[in-house]
Amino acid sequence: MQLHFLGTGAGMPSKDRNTSALMVKLLDEIGELWLFDCGEATQHQILHTSLKPRKVTKIFITHLHGDHIFGLPGFLSSRSFQGGNDPLTVFGPAGLQHWVEQTLALSNTHLTYPLHFVEVQEGVMLEDEHFTVYAKALRHVIPCYGYRIEQKPLPGELLIEKARALGVPKGPLLGQLKKGQDIVLDNGALIQAKDVTAPPKKGFTLTILGDTKYCQEAVQLAMKADIVVHEATFDGTTPDLAASYGHTTNVEAAKVAQQAGANYLLLNHLSARFLSQDLPQFLAEAQHIFPQTLLAADQTIFTWHNHQLF
């Protein structure tokens, strides 16, 4: 799994940071891309990457402020022109479907693929054989949600030598065992997959939080997560100002990760008031509370592999 930050700024774009957009690359896992928020010019940011819009199958919107949705109509339209024919599902708060459909209708935009909308409610938003996605309301100035993505346990490694010792020949039968399917050999012997595979591997848990002031709801969504993506619009000198705008400081975000027992914290959604020379101190403040804190920038890519973040 990879996290590709397309936009990490707050409010409006700056020379250094575009507005909010995060692509979760699940190509190795399920051959899909999931986009979280779609601020202005997200599709332009994608042009500087190898990401393929047609591979985006799901879009999750945290809330309806412009810096999180103004890029959505353009992205949806461009996906049609770039070979996107597969269905796309958009998850978001009440009102999102009406806004998108009105925008597409008034601009006479026709999509080449089925577009589905799911209105976000607290609880399980999506579950299949690979993932469960939960949503929870946060505390912003308008309805805003955070998402928790839990990967289901992965099949254990096939113990090939053990399987061969039991008489399993090379070929498709080994593949069936690897998938967890029991097999019967030509001699009638039953080989159970559990006897020739290692224990299942733990999947990852990723929490992506929308705009919010410091709250226990964020801690709950982030509980024991491998990676927490948290806004840090302000720094530790202005907690009251941050709260008044429904936002969080870098120090408060670190406290969320600390209290949740998370493994890594990625800070994004920074105010344009913070210049490049301010960032080392900004990061150090958060790391003083939660050492495993990293700062996201536009076009930063983080890779999750073997329970480590690179």
Side-chain angles (χ1 to χ4, degrees), residues 1 3 10 20-24 26 30 32 34-39 56-69 72 87-101 115-153 203-233 242-248 252-253 255-263 265-269:
M1 184 268 292
L3 303 178
S20 294
L22 167 60
M23 194 76 80
V24 179
L26 300 170
I30 56 174
E32 298 179 16
W34 292 3
L35 178 61
F36 287 79
D37 284 334
C38 190
V56 177
T57 60
K58 297 173 181 63
I59 299 176
F60 297 84
I61 300 298
T62 60
H63 65 294
L64 302 187
H65 275 156
D67 57 328
H68 294 255
I69 65 169
L72 189 53
L88 175 63
T89 302
V90 180
F91 299 81
L96 179 64
Q97 179 175 355
H98 177 74
W99 178 74
V100 170
E101 290 180 342
L115 180 63
H116 306 290
F117 289 90
V118 177
E119 186 174 310
V120 177
Q121 307 286 339
E122 287 198 331
V124 177
M125 290 304 305
L126 168 70
E127 184 168 15
D128 59 22
E129 61 181 312
H130 301 288
F131 294 97
T132 304
V133 179
Y134 302 87
K136 195 172 188 64
L138 301 172
R139 299 192 186 185
H140 193 38
V141 294
I142 64 171
C144 184
Y145 292 87
Y147 296 99
R148 179 183 175 96
I149 303 96
E150 294 183 359
Q151 184 185 30
K152 294 186 176 179
F204 65 80
T205 297
L206 168 66
T207 297
I208 299 174
L209 300 169
D211 290 4
T212 183
K213 63 181 180 181
Y214 173 78
C215 63
Q216 285 303 304
E217 290 85 348
V219 176
Q220 293 164 12
L221 269 181
M223 193 62 63
K224 302 300 181 184
D226 293 299
I227 305 168
V228 176
V229 179
H230 202 305
E231 69 128 296
T233 312
S244 69
Y245 286 103
H247 285 299
T248 308
E252 290 170 330
K255 289 179 179 178
V256 167
Q258 180 190 58
Q259 293 171 6
N263 289 331
L265 171 64
L266 303 180
L267 299 179
N268 73 337
H269 200 268

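This one's a predicted model, so the numbers in the text were calculated from it and none came from an experiment.
The closest donor-acceptor contact from the side chain of D37 to the backbone of T62 lies under 3.5 Å.
Evaluation of the salt bridge (Lys or Arg N to Asp or Glu O under 4.0 Å) rule for E101 yields no partner, not counting sequence neighbours. Residues meeting the side-chain contact (heavy atoms from CB on, under 4.5 Å) test with Q151, sequence neighbours left out: E29, F131, L154, F204. A218 pairs by the side-chain contact (heavy atoms from CB on, under 4.5 Å) definition with L138, L209, C215, H230, V256, not counting sequence neighbours. For Y245, there are no ring-ring contact (aromatic ring centres under 6.0 Å, His included) partners at least two apart in sequence or on another chain. With sequence neighbours excluded, the residues satisfying ring-ring contact (aromatic ring centres under 6.0 Å, His included) with F60 are W34, F36, F91, Y147. Under the side-chain hydrogen bond (donor to acceptor under 3.5 Å, both in side chains) criterion, K58 pairs with E32, sequence neighbours left out. Residues passing the side-chain contact (heavy atoms from CB on, under 4.5 Å) test with P143, sequence neighbours excluded: none. For H247, the ring-ring contact (aromatic ring centres under 6.0 Å, His included) partners two or more places apart in sequence, or in a different chain, are H140, H269. Every residue was checked against the salt bridge (Lys or Arg N to Asp or Glu O under 4.0 Å) condition with D67, not counting sequence neighbours, and none meets it. Under the salt bridge (Lys or Arg N to Asp or Glu O under 4.0 Å) criterion, K136 pairs with no residue at all, not counting sequence neighbours.
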- After noting the C-alpha distance and the side-chain angles of D128 and I30, does the key distance pass the side chain to side chain contact (heavy atoms under 4.5 Å, CB included) rule? CA-CA 11 Å; D128 59 22; I30 56 174; 5.6 Å; no

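Within the structure, salt bridge (Lys or Arg N to Asp or Glu O under 4.0 Å) contacts touching residues 139-153 (residues at least two apart or in different chains) are E127-K152, R139-E217, R148-E150.
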